[in-house]
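Every chain is numbered from 1 and lettered A, B, ... according to where its sequence line falls, protein lines coming before strand lines.
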Protein chains: 2
Amino acid sequence: MTKNSFQPRRNLAHEIAVQLRRDIISGTFKPGEALAEPMLAERFGVSRAPVREAMIELERAGLVQFETTGRTRVRTLEEKDITEIVEARIALEAMGARLAAIRWTAEDTRWIEKSIMSQEKAATGVKFSQLDIAMHEYIMQCSGNERLVTLWQFVRWQFEMALTYIHSLQQKMAPDLRSFSVMGHRNVLKPLANRQPETAAKVMAQHIKDSIEWYTPEISEPPPTAKATRSGKRPIPAK
Amino acid sequence: MTKNSFQPRRNLAHEIAVQLRRDIISGTFKPGEALAEPMLAERFGVSRAPVREAMIELERAGLVQFETTGRTRVRTLEEKDITEIVEARIALEAMGARLAAIRWTAEDTRWIEKSIMSQEKAATGVKFSQLDIAMHEYIMQCSGNERLVTLWQFVRWQFEMALTYIHSLQQKMAPDLRSFSVMGHRNVLKPLANRQPETAAKVMAQHIKDSIEWYTPEISEPPPTAKATRSGKRPIPAK
DNA sequence: CACGACGAAACTGTCGACACTATTCTTTCT
DNA sequence: AGAAAGAATAGTGTCGACAGTTTCGTCGTG
């Protein structure tokens with residue numbers, strides 16, 4: 001695997017961005033919710049400057065959106081957004097798999113096999129998703145294309161946020177979904193290990209398309225409107 | 001064509017980012033060159049705050065890079081970078097063409113035909129490239145996937161920057177290169193107009209791959225090292 | 001002459017302040 | 001009571017300042 005040489009600034013702003021990203025993905029801040037700079041500054045115990053920079057970093061990751069007035073809100077998630085995210089994932093990961101197949105090593109195979117074994121043992125849907133995403137990330141990095149990985153990261157976080165709003169994953173995972181996904185992963189590994197770029201691309205695209213078929217029917221909860229989530233000042237959780 | 005609903009903050013920072021992007025793409029600031037915030041603040045007649053935000057926006061577009069110390073430099077361009085950019089373009093634009101073919105309209109066909117006619121009349125390589133990129137952008141927006149377009153924009157600016165360092169484009173365009181490119185565009189239009197997604201994706205990928213084959217042999221100038229460009233305080237050009 | 005240490009200059013990260021604008025609440029009039 | 005107008009509250013955009021750190025230039029020494 002080729003290492004990704006991208007290194008973000010290691011300043012306060014980045015730390016806050018990481019923390020805030022976690023909060024958004026985990027649902028602490030809900031879609032449509034306003035993110036006021038003074039509020040966040042107090043929450044993290046810093047001034048507004050680093051918060052502002054963190055906002056920009058999150059906007060680029062597609063987790064928040066700026067209004068024309070300058071206000072920032074957590075990005076809302078609708079049917080169309082899921083479609084877009086998946087289409088973007090397919091575009092990037094198909095190419096990622098294609099390139100990864102070219103440079104694939106025996107060590108990479110071992111890594112994936114180990115990951116698949118962990119996936120089979122994952123107790124919850126959440127845990128499984130984490131392992132799933134980690135595996136996809138590994139393959140992307142095997143592509144050796146730093147830019148492709150960077151672009152993928154943006155989609156990845158949006159995807160993780162979407163997963164939070166898919167109910168079924170929050171509970172114990174359906175055995176058939178798990179075995180289906182694992183089978184998909186085995187199918188992906190095969191052309192990679194055999195160094196068949198075109199097949200790897202095709203199988204990866206199909207795998208992503210398939211796995212989302214299992215999820216989407218479950219996206220029942222309509223994203224709460226901004227008004228609904230803002231009503232009543234939510235107490236600021238302790239840092 | 002579906003309109004892209006993304007709207008950036010319309011503040012000073014964004015204006016500076018746009019201007020600075022132009023300066024980098026046009027070669028006013030050269031790869032490896034340090035971009036000090038006070039210097040840019042003076043150049044644009046603003047304080048450091050908007051400049052800082054502009055830097056983050058440019059970093060996301062891949063035009064500048066942060067060092068671990070916090071310094072910002074114009075991103076360097078090497079052989080590998082061109083490869084990465086092209087691979088990313090293929091990934092995104094193949095998917096873009098695939099989706100665009102689904103929603104393609106007669107109006108879109110007219111737009112492209114008009115663009116191709118302009119391309120045939122373009123006097124310089126630079127002008128041709130602009131029309132070329134505009135056409136690719138149009139197709140991306142026809143995909144109807146806002147996220148795909150956003151991701152593509154990042155690669156696009158890096159690609160434009162790379163073009164600046166391809167000498168042949170700066171001069172009068174070789175007739176055979178032009179007719180070759182135009183033919184490629186006609187080939188792309190066909191499956192789009194016929195609404196053949198898979199063919200459109202394949203042809204678009206091939207077209208990008210082909211057109212870069214014509215360029216790359218010309219990338220002879222090694223990117224100047226940071227040291228070379230920093231020697232002697234370059235006078236700040238008037239705004 | 002090369003090289004390392006020291007001091008000066010420059011740059012970044014963060015903060016608090018202020019003007020201006022958007023939003024919310026209150027009051028008044030129909 | 002409902003709507004419109006105005007006041008108060010909250011938030012954004014930008015600035016200048018300061019501490020800490022890096023970088024650059026210079027001087028002294030082997």
Which residue, A/E67, A/E59, A/E33, forms the salt bridge (Lys or Arg N to Asp or Glu O under 4.0 Å) with A/R73?
-> A/E67

Quickly work out the B/N11 CG to D/dC15 P distance and round it to whole Å.
-> 11 Å

With sequence neighbours left out, the residues meeting side chain to side chain contact (heavy atoms under 4.5 Å, CB included) with A/A100 are A/W104, A/I139, A/C142, A/L192

Within this structure, what is the CZ-to-P distance between A/R52 and C/dG16, rounded to whole angstrom?
-> 16 Å

Closest to the B/A36 side chain, choosing from C/dC15, C/dT12, D/dC15 = C/dT12

A/E15 CD to C/dG13 P, in whole Å, measures 13 Å

To the nearest Å, give me how far apart CD (B/E42) and P (C/dC11) are.
-> 10 Å

State whether a side-chain donor-acceptor pair under 3.5 Å links B/D108 with B/T105.
-> yes

Residues in side chain to side chain contact (heavy atoms under 4.5 Å, CB included) contact with B/E93, at least two apart in sequence or another chain = B/R89, B/H136, B/M140, B/W152, B/M204, B/I208

For B/P38 and A/P50, take the nucleotide of DNA chain C holding the closest heavy atom to each; which residue's nucleotide lies nearer the 5' end?
-> B/P38

Where the side chain of A/T69 is concerned, which of D/dT14, C/dT14, C/dA22 is the nearest nucleotide?
-> C/dA22

Value in whole Å for how far the C1' atom of D/dG13 lies from CD1 of A/I56 | 12 Å

Take atom CZ of B/R71 and atom P of C/dA10, then tell me their distance rounded to the nearest Å.
-> 11 Å

Rounded distance (Å) that lies between atom P of C/dT12 and atom CD of B/E53 | 15 Å

Between the base of D/dG11 and the side chain of A/R48, is there any donor-acceptor pair under 3.5 Å?
-> no

Which whole-number value in Å describes the distance from B/L12 CG to D/dT12 P?
-> 17 Å

